[in-house]
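Structure first, then comments.
Below, chain A is the first sequence line, B the second, and so on; all start at residue 1. Just so you know, these numbers come straight off a predicted model, no measurement behind them.
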2 protein chains.
Amino acid sequence: MNKKGGQNLKMWEEKFSSRSKTMKASAIRELLKLVESPDIISFAGGMPDPNLFPKEILGEIAKEVFVNHGGKALQYGPTEGVKPLRETIVKMMQEEGIKNVGLENVLVTTASQQALDLIAKVFVDPGDTVIVEAPSYVGGLQALQAFQANFVTVPLDEEGIKTDILEEKIKELQGKGVNIKLIYVIPNFQNPAGVTLSLERRKELLRISHTYEIPIIEDDPYGEIRFEGEKFPSLLELDQIGNVIGLRTFSKILAPGFRLGWIIANATAISKLALAKQAADLCSPSSTQYIADKFIRDGYMNDYLDKVRKVYKEKKDTMLNAMEKYFPKEVTWTKPHGGMFVWVETPEYIDTDALFIEAVKEKKVAYVIGSAFYPYGEDKRHMRLNFTLSTLEQIDEGIKRLGELLQSKIR
Amino acid sequence: MNKKGGQNLKMWEEKFSSRSKTMKASAIRELLKLVESPDIISFAGGMPDPNLFPKEILGEIAKEVFVNHGGKALQYGPTEGVKPLRETIVKMMQEEGIKNVGLENVLVTTASQQALDLIAKVFVDPGDTVIVEAPSYVGGLQALQAFQANFVTVPLDEEGIKTDILEEKIKELQGKGVNIKLIYVIPNFQNPAGVTLSLERRKELLRISHTYEIPIIEDDPYGEIRFEGEKFPSLLELDQIGNVIGLRTFSKILAPGFRLGWIIANATAISKLALAKQAADLCSPSSTQYIADKFIRDGYMNDYLDKVRKVYKEKKDTMLNAMEKYFPKEVTWTKPHGGMFVWVETPEYIDTDALFIEAVKEKKVAYVIGSAFYPYGEDKRHMRLNFTLSTLEQIDEGIKRLGELLQSKIR
């Protein structure tokens with residue numbers, strides 16, 4: 001074979017789809033390649049703290065599952081997910097307060113990223129309009145971008161997506177005859193902004209969805225990782241009509257290395273998404289589905305989540321305290337009640353894209369540039385800081401370094 | 001929430017993409033739902049024999065990996081795959097005789113079905129022409145169908161795809177200005193036909209790919225499961241130019257429940273496919289990647305494959321012997337040197353779609369209808385029989401029942 005593609009580079013360009021030309025490497029992932037040096041303190045990425053993983057318990061469970069149930073756990077499983085796990089998920093959803101949910105409303109996915117990919121595949125024709133929060137999750141934008149979505153953005157504030165602006169934009173678009181395909185929101189401890197959608201706005205968002213007949217994608221990876229503040233019912237729970245497609249994941253509440261998440265929605269949407277999943281990967285790993293299911297059935301989840309919440313709260317407090325101490329007063333930030341991220345806003349004259357290079361090279365500290373979270377990269381005065389991966393000492397030291405850099409830029 | 005989608009069914013129809021309207025449920029999977037009754041002997045499906053899974057070894061390895069390396073194995077991994085497994089794959093490919101392969105030529109996928117999905121995504125615009133074997137793998141057709149490919153079929157015989165007809169069709173299409181995107185082939189123990197591409201035709205196929213500048217997708221899930229006959233070098237090995245994209249999987253040589261496969265190709269194609277994978281599921285399961293890697297590094301693979309080959313050969317022989325004994329002389333079948341399937345041809349007046357219902361209801365025996373393996377369902381005189389899942393006794397009894405049914409239809 002030829003390693004590079006050799007004389008045929010031109011041929012390949014002629015064979016690639018037009019879709020593939022709009023695919024962009026995640027700015028985060030490209031930047032992270034700069035950050036592999038061990039002396040850098042990284043607040044980039046969005047990984048759980050691996051020191052908390054219940055390694056011993058999962059090791060015992062994996063052994064038991066493979067040795068005693070390997071015939072099923074090592075075999076192909078149903079596209080919709082293995083039955084015991086789907087039953088467990090239905091139970092979890094019912095305990096959360098979601099009514100009327102049954103097996104036909106659950107599709108196990110190869111984590112939430114696949115759920116986003118399937119949703120894009122099933123809903124988005126090239127040029128179709130999707131409404132997203134500004135800022136929004138990079139992976140969500142990427143999945144939709146790969147299917148050539150046209151993005152309309154609606155800003156956030158401390159209470160989440162601004163529903164008044166949302167309604168105005170919908171009226172304007174529908175007035176022009178645009179078929180808005182989806183509204184994509186992350187209501188709890190939003191990635192990247194860290195804010196939570198208020199109860200009033202949740203109800204307002206559902207009213208808008210119903211009035212203007214637009215499905216809502218409720219991406220909720222962090223809902224269980226609330227360490228303070230009031231818990232609001234999910235859009236799934238509040239929805240009476242079936243307009244909400246809910247996305248959940250084991251990546252933040254158990255182990256990203258299992259690649260497991262699930263979609264909860266009405267049976268019409270689920271059966272269409274299952275068809276797309278069949279062509280995408282046949283089924284999610286039976287092996288990790290049986291392991292995750294046994295972890296929950298054996299009652300380990302609550303203790304594990306308690307530990308996660310406790311440790312993450314301490315890390316978040318350490319980060320916010322360090323910011324109070326080291327950041328210039330011209331810089332502001334969100335105060336998340338859960339999740340993994342703080343969203344920092346700089347004065348307009350500080351370009352956080354440009355600052356990133358200095359931060360990494362001179363101060364040996366990394367963050368994610370705010371522009372990565374806007375579909376057209378239009379904002380350059382934010383940074384996303386992750387507080388779950390670093391130690392308390394690294395958090396204090398990293399924020400100190402970043403504070404020094406920010407201080408030096410203040411006019 | 002609303003279980004069914006309630007009053008909003010019409011809304012959902014208006015929101016689904018045009019692509020999603022061309023997605024078809026696999027005829028196999030739909031038919032298999034009829035076959036869940038325990039008294040049915042099923043030659044449908046394409047599952048490995050779960051009795052052969054190395055459950056104890058994998059149980060021990062999983063425990064060791066999670067307990068001692070859980071920090072990595074339970075965490076997110078790189079989109080391209082975890083480095084130790086990619087190194088192992090490079091070594092395996094080099095040992096097979098593929099020259100010039102390096103880490104930049106490997107993309108770990110969530111098994112081969114994802115590889116097919118990524119290839120369709122990266123290469124196929126709606127209406128683009130893809131050449132496939134007739135018959136071909138249902139999952140490959142489904143993946144391409146989901147991206148609205150236009151199929152041109154080329155027939156097979158005992159030596160695989162008929163390269164003379166292939167060249168004629170390419171000349172005709174390119175003469176009309178058609179940009180043929182891909183040629184999709186399964187050279188070893190083809191699914192469903194069980195035939196193997198001869199060495200001469202392999203060389204001819206590569207010459208055609210080079211002359212007419214069309215990439216080849218070489219899907220090779222069964223290459224390691226050869227139990228007799230001569231081994232031919234893969235297209236990947238024979239290719240000097242880099243036109244071949246090779247697909248391999250752990251589903252047939254280890255465990256489908258791990259959802260792991262890999263793509264081998266030139267770096268240009270790999271980087272594009274990796275970008276598509278990032279948006280599709282971020283990364284394949286780190287957990288099963290570390291387990292599979294340790295299984296290979298600890299030297300268990302060869303013994304396991306020897307056992308698989310021995311058992312499958314015995315099952316294949318049992319099936320072919322039973323067919324000699326029970327099938328009418330008007331019916332013919334392929335004699336596979338490996339893999340999992342036998343392809344049966346009936347006289348033209350027997351419609352195997354119609355016969356399926358009788359087989360299941362009256363004879364309690366199931367197969368996959370031949371028409372499922374043609375993009376436009378145009379052939380109704382074949383059946384695919386799987387010999388890996390059933391016991392020797394079931395194989396003999398099932399073929400006897402099918403033989404009785406076939407005998408009753410002979411004119």
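- Ranked by heavy-atom pairs under 4.5 Å with chain B, the first of A/K63, A/K15, A/K55 is A/K15.
- Put simply, of B/H210, B/Q114, B/E64, the one with the most heavy-atom pairs under 4.5 Å next to chain A is B/Q114.
- Of the atoms belonging to B/I291, it is side-chain heavy atoms, and not backbone ones, that fall under 4.5 Å from chain A.
- Of the residues considered (B/S112, B/P256, B/G71), B/P256 shows the highest number of contacts with chain A, using heavy-atom pairs under 4.5 Å.
- Interface remark: B/A120 contributes backbone atoms only to the contact with chain A (heavy atom separation under 4.5 Å).
- For A/N243, the parts lying near chain B are the backbone and the side chain together; criterion is any non-hydrogen pair under 4.5 Å.
- In this structure, chain A has no heavy atom under 4.5 Å from any part of B/A111.
- Heavy-atom pairs under 4.5 Å with chain B were tallied for A/P215, A/P50, A/A146, A/G246; the largest tally goes to A/P215.
- No side-chain donor-acceptor contact under 3.5 Å links B/T388 to the backbone of B/D49.
- By the 6.0 Å and 45° rule, A/K272 stacks over the aromatic ring of B/F16.
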Review point. Passes side chain to side chain contact (heavy atoms under 4.5 Å, CB included), A/S234 versus A/I98? Steps please.
Key: CA-CA 8 Å; A/S234 67; A/I98 300 168; 4.2 Å; yes

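- Of the possible polar contacts, one joining the A/S284 side chain to the A/T110 backbone as a donor-acceptor pair under 3.5 Å is found.
- With a 4.5 angstrom heavy-atom cutoff, B/I245 touches chain A only via side-chain atoms.
- Heavy atoms of A/L389 lying under 4.5 Å from chain B belong exclusively to its side chain.
- Look at B/K121 and A/D117 and you find a salt bridge, because one of the NZ, NE, NH1 or NH2 atoms lies within 4.0 Å of a carboxylate O, short of that distance.
- Aromatic ring pairs are classed by plane angle as parallel below 30°, tilted from 30° to 60° and perpendicular above 60°; the pair A/F295 and A/Y304 is perpendicular.
- Heavy-atom distances place the backbone of B/V124, and not its side chain, under 4.5 Å from chain A.
- In terms of non-hydrogen atom pairs under 4.5 Å with chain A, the most contact-rich of B/S17, B/A280, B/A279 is B/S17.
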